[in-house]
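Inspection log for the structure reproduced underneath, given as structure tokens.
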Protein chains: 2
Amino acid sequence: MPVSNTHARIETRDRLLEAALQAFGNRDYDGVSTREIVEKAEANISAISYHFGGKKGLYLATVAYLADRLHAGMAEQLEQIRQHAEVASPHQCAESLCRFLLHFLENMLLGEVGKHAPGIIFREQSQPTDAFEILYDKLLAPMHGTLARLVARYRGLQATDQAVIIMVHALIGQTMIFRIGRTTFLRRMGTPAFDAANLEAVKRQLRHYYMAILNTTPDSINTDIPHDA
Amino acid sequence: MPVSNTHARIETRDRLLEAALQAFGNRDYDGVSTREIVEKAEANISAISYHFGGKKGLYLATVAYLADRLHAGMAEQLEQIRQHAEVASPHQCAESLCRFLLHFLENMLLGEVGKHAPGIIFREQSQPTDAFEILYDKLLAPMHGTLARLVARYRGLQATDQAVIIMVHALIGQTMIFRIGRTTFLRRMGTPAFDAANLEAVKRQLRHYYMAILNTTPDSINTDIPHDA
DNA sequence: TCGATTGAGTCAAACGTTTGTTTTAATTCA
DNA sequence: TGAATTAAAACAAACGTTTGACTCAATCGA
């Protein structure tokens, strides 16, 4: 392909990132070979060293690339929620939270990012590398923070209250388990794959659970934790 | 060590399994080398081929070993719960479910198996190998099944009802997220590691959530799923 | 305007190392 | 003695990385 060099450079870098995202999303760092990446990217083996300094550099760049893509698709939404939360009623905040989580779930189950993101994110949780900092700052912290504001407003607590943080974590957990534990869930349901009907059933139940948890009797935990076990 | 051969054989096999469990629990299959395993097990390289036929055989044996250990620690408990559920009141079933989940959480956060089990289990979920069958049959299915009975009894539904399965999955999810997403949670809490106080706070909140979810308005989903989206 | 130079990017080939596995010899115990 | 284990060495294959030649547009001095 007789393309200009400036164009080719950008394209090769991006092709490498895209191929690496697909590879690292499905397999572990050590399970992915550089040759496999460059083959999928239709690039030369030395392009990795040239553009990223090596395999580790490519991995870090790939995580940053993923975080950026996820953040880009979420930043506007999160910012809207944040602003809306300041003037919205508690009930509207709860509704906003439900919608976000269910939308997020659908993305992770059927969306394009859901194919690669969960693998990388959850692998970085169990054995954090330098890439975890990127994920946390760009993705996890903003998401948790925004949801915490919604919960805090609904419950009349501070967003930094430990009870709020725990609740947000639990809410995310019971959502993401349908992606993380997808294989087990599908077995239990006797379905080979997620379809629209399954997803809708899960979403309907989850919405009930969200509201049930949000409405548990308040139980603030400030900086101090009660002494009684 | 001048030990008898029959003894040494068994011990070598077991030392390999133990070393492999620690290795595979913390790192991916490809991230673990056979030399690293035999070094930790103080065994010879050829012992892997001799006892397990190769690295893959060792991995499968390790997963079975893990599943057995987890199952052994849980089988009695699950059987008791199952029998108790037949005669117990719905309220007692709910209490039984809470206790099991919280006990399981504590095991995963502070217990010995919690160091290695989650890594293997959740890796097998995202990229199931032959080892997933072992895990599912020996561990995941019995656990889900028993919890489903508890939920079913509490809610007056069938244990095979899809609504029950979804609920059990969600309950497990909001529990295990504190192990899976431990790194993120600890960051959010501003704590370097899980201690007794943190764990107690989480358990107290989770118990509320469990009951709140269990008490959501019944919404049976039998084989058919409602047509209205 | 033009030939020479530059520098980023790509390429095939080869680098040394590590991988899982196998082979061969020595050792152990019944 | 003979079967069972271990130990050490060697194996081919795959790994991440490096090398040096090459392309080609952009730049520069005359």
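Just so we're on the same page: letters track the sequence lines, and every chain starts at 1.
The residue among A43(B) and R35(A) whose nearest nucleotide of DNA chain D lies closer to the 5′ end is A43(B). Along DNA chain D, the nucleotide closest to S33(A) and the one closest to N44(B) are compared, and the more 5′ of them pairs with N44(B).
With respect to R15(B) and E42(B), no salt bridge is recorded, no charged nitrogen being found less than 4.0 Å from a carboxylate O. Contact check on E18(B) versus R13(B) returns no salt bridge, with no Lys/Arg side-chain nitrogen under 4.0 Å from an Asp/Glu carboxylate oxygen. Look at E36(B) and R27(B) and you find a salt bridge, because one of the NZ, NE, NH1 or NH2 atoms lies within 4.0 Å of a carboxylate O, short of that distance.
Of the candidate nucleotides dA13(C), dT10(C), dT6(D), dT6(D) has the atom lying nearest to any side-chain atom of T12(B).
Taking atom CD of residue E36(B) and atom P of nucleotide dT19(C), one finds them 9 Å apart after rounding to whole Å. When rounded to the nearest whole Å, the span between CZ of F52(A) and P of dT10(C) equals 11 Å. To the nearest angstrom, P of dG16(D) lies 10 Å from CG of D30(B). In this structure, CD1 of I48(B) is placed 13 Å from C1' of dT22(C), rounded to the nearest angstrom. Look at CD1 on I45(B): it is 15 Å from P on dA10(D), rounded to the nearest Å.
Nucleic acid contact for V38(B): none, since no nucleic acid atom lies under 4.0 Å from a heavy atom of the residue. Using a 4.0 Å heavy-atom cutoff across all strands shown, S49(A) reaches at least one base atom of the nucleic acid.
Outside the 6.0 Å centre-distance limit, the rings of H116(A) and F24(A) are not counted as a close aromatic pair.
Put simply, the side chain of S46(A) and the base of dC11(C) share a donor and an acceptor less than 3.5 Å apart.
Distances shorter than 4.0 Å separate some side-chain N or O of H51(B) from OP1 or OP2 on dT6(D).
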